[in-house]
Amino acid sequence: MQPFAPDATVGAVIDADRDVSTFNNLVRRSGVIKRIDTDGPYTILAPTNAAFDLLPPGALGALVSDGQKLTAVMSYHVVKGEYRGEEIRNHDHLPTLLGDPLLVVAAEDGVVVGGAGLEEIDITATNGLVHKIDAVMFPGD
């Protein structure tokens with residue numbers, strides 16, 4: 001990950017990390033960045049670029065072309081409150097900015113949130129945390 005200033009917001013953290021550049025571009029395009037860069041605390045579940053590569057052909061283009069769906073999907077990756085990686089397993093659900101809760105399933109080998117596994121956890125920002133995840137989450141899935 002690229003270094004960022006110690007007073008970086010969650011938006012600055014994802015902006016500095018090339019591994020989540022697709023998510024960064026989409027969260028900015030959707031306008032969700034305006035909310036998560038000023039308020040907080042938030043826990044951002046940022047899909048890696050490899051996670052976006054796993055989407056079916058045409059899925060990313062379809063998401064980008066539907067502004068309402070893009071905003072919903074990006075809001076679904078933002079959890080209200082600050083949840084450290086080890087704390088997440090103690091919850092059944094996490095409250096998203098979208099309003100739809102994310103299901104949490106704890107297993108011996110890790111935690112799955114909304115169908116995505118946590119890859120890199122507890123990247124600290126001034127207004128929350130960023131966790132990198134291995135899948136793109138869609139509301140209603």
Side-chain angles (χ1 to χ4, degrees), residues 1-107 109-141:
M1 186 164 104
Q2 295 178 353
F4 52 88
D7 60 346
T9 63
V10 291
V13 169
I14 63 172
D15 190 46
D17 191 338
R18 290 183 185 157
D19 195 34
V20 295
S21 62
T22 302
F23 176 74
N24 178 48
N25 289 334
L26 295 176
V27 82
R28 290 173 190 290
R29 184 180 193 124
S30 70
V32 171
I33 191 69
K34 293 174 188 169
R35 176 127 183 228
I36 66 173
D37 236 13
T38 57
D39 295 334
Y42 295 113
T43 300
I44 309 301
L45 299 167
T48 62
N49 294 338
F52 280 98
D53 291 343
L54 296 174
L55 291 176
L60 184 56
L63 181 62
V64 170
S65 68
D66 184 340
Q68 188 174 11
K69 185 173 183 178
L70 178 62
T71 300
V73 171
M74 293 300 103
S75 297
Y76 196 57
H77 287 80
V78 179
V79 174
K80 297 177 188 176
E82 190 171 289
Y83 295 87
R84 295 216 164 266
E86 289 302 315
E87 296 169 349
I88 290 174
R89 69 173 45 254
N90 299 326
H91 298 273
D92 293 331
H93 295 86
L94 297 177
T96 68
L97 192 58
L98 180 62
D100 294 356
L102 287 168
L103 178 65
V104 176
V105 178
D109 59 344
V111 177
V112 175
V113 180
L118 300 176
E119 288 194 339
E120 186 177 334
I121 61 170
D122 298 341
I123 304 166
T124 306
T126 57
N127 64 336
L129 297 166
V130 176
H131 304 307
K132 293 182 191 180
I133 58 175
D134 65 2
V136 180
M137 304 178 300
F138 290 88
D141 282 354

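All of these numbers come straight from a predicted model, not from anything done at the bench. Counting from 1, the numbers follow the sequence of the chain as shown.
- Once rounded to the nearest 0.5 Å, the distance linking CG of Leu98 with NZ of Lys80 reads 9.0 Å.
- At distances below 3.5 Å, at least one donor-acceptor pair connects side-chain atoms of Asp37 with backbone N or O atoms of Gly11.
- The minimum heavy-atom distance between Pro139 and Ala72, with the atom names listed, is CG-O, 4.2 Å.
- At a threshold of 4.5 Å between non-hydrogen side-chain atoms, the residues His93 and Leu103 count as touching.
- Taking the side chain as every heavy atom from C-beta outward, Leu45 and Leu102 approach each other to under 4.5 Å.
- Crowding of Arg29 atom CZ: a count of heavy atoms from other residues, nucleotides or ligands under 6.0 Å not exceeding 12.
- Taken to the nearest 0.5 Å, the OG1 atom of Thr71 stands 10.5 Å off from the CG atom of Leu26.
- The closest side-chain heavy-atom distance from Pro47 to Val20 is not below 4.5 Å.
- At distances below 3.5 Å, not a single donor-acceptor pair connects side-chain atoms of Arg84 with backbone N or O atoms of Ile121.
- Side chains of Leu129 and Thr124 form a contact here, defined as non-hydrogen atoms less than 4.5 Å apart.
- For Asp15 (side chain) and Asn24 (main-chain N/O), no donor-acceptor pair under 3.5 Å exists by modelled atom type.
- Residues Asp92 and Val104 form no side-chain contact, since every pair of their non-hydrogen atoms from C-beta on lies 4.5 Å or further apart.
- Between Arg28 and Ala12 the shortest heavy-atom distance is NH2-N, 4.5 Å.
- At least one donor-acceptor pair closer than 3.5 Å links the side chain of Asn127 to the backbone N or O of Val10.
- A distance-only check finds a donor-acceptor pair linking the side chain of Thr43 to the backbone of Tyr83 [under 3.5 Å].
- Side chain of His131 to main chain of Asp122: a donor-acceptor pair is present (N/O by atom type, distance under 3.5 Å, no hydrogens or angles).
- A donor-acceptor contact shorter than 3.5 Å is absent between the side chain of Asp19 and the backbone of Thr48.
- Looking only at side-chain heavy atoms (C-beta outward), Ser21 and Asn49 come within less than 4.5 Å of each other.
- Across Ala135 and Gly115, no two heavy atoms sit closer than the pair CB-O, 4.3 Å.
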Report the C-alpha separation of Asp7 and Thr126 in whole Å, then their side-chain angles, then the decisive distance to 0.1 Å, and conclude whether the side-chain hydrogen bond (donor to acceptor under 3.5 Å, both in side chains) test is met.
CA-CA 6 Å; Asp7 60 346; Thr126 57; over 6 Å; no

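- The minimum heavy-atom distance linking Asp134 with Glu119 is given by the pair CB-OE2, 3.2 Å.
- Taking the six-membered ring where the residue is Trp, Phe23 and His77 present tilted rings, their angle falling between 30° and 60°.
- Atom CG of Leu63 is separated from atom CE of Met74 by 5.5 Å, given to the nearest 0.5 angstrom.
- Side-chain contact between Ile14 and Val27 is present, with at least one heavy-atom pair separated by less than 4.5 Å.
- Looking at Leu60 and Val136, their side chains never come closer than 4.5 Å, going by heavy atoms from C-beta outward.
- When all heavy atoms of Ser75 and Thr96 are compared, the closest pair comes out as O-CB, 3.9 Å.
- Closest non-hydrogen pair, Leu118 versus Gly85, comes out as CD1-O, 4.4 Å.
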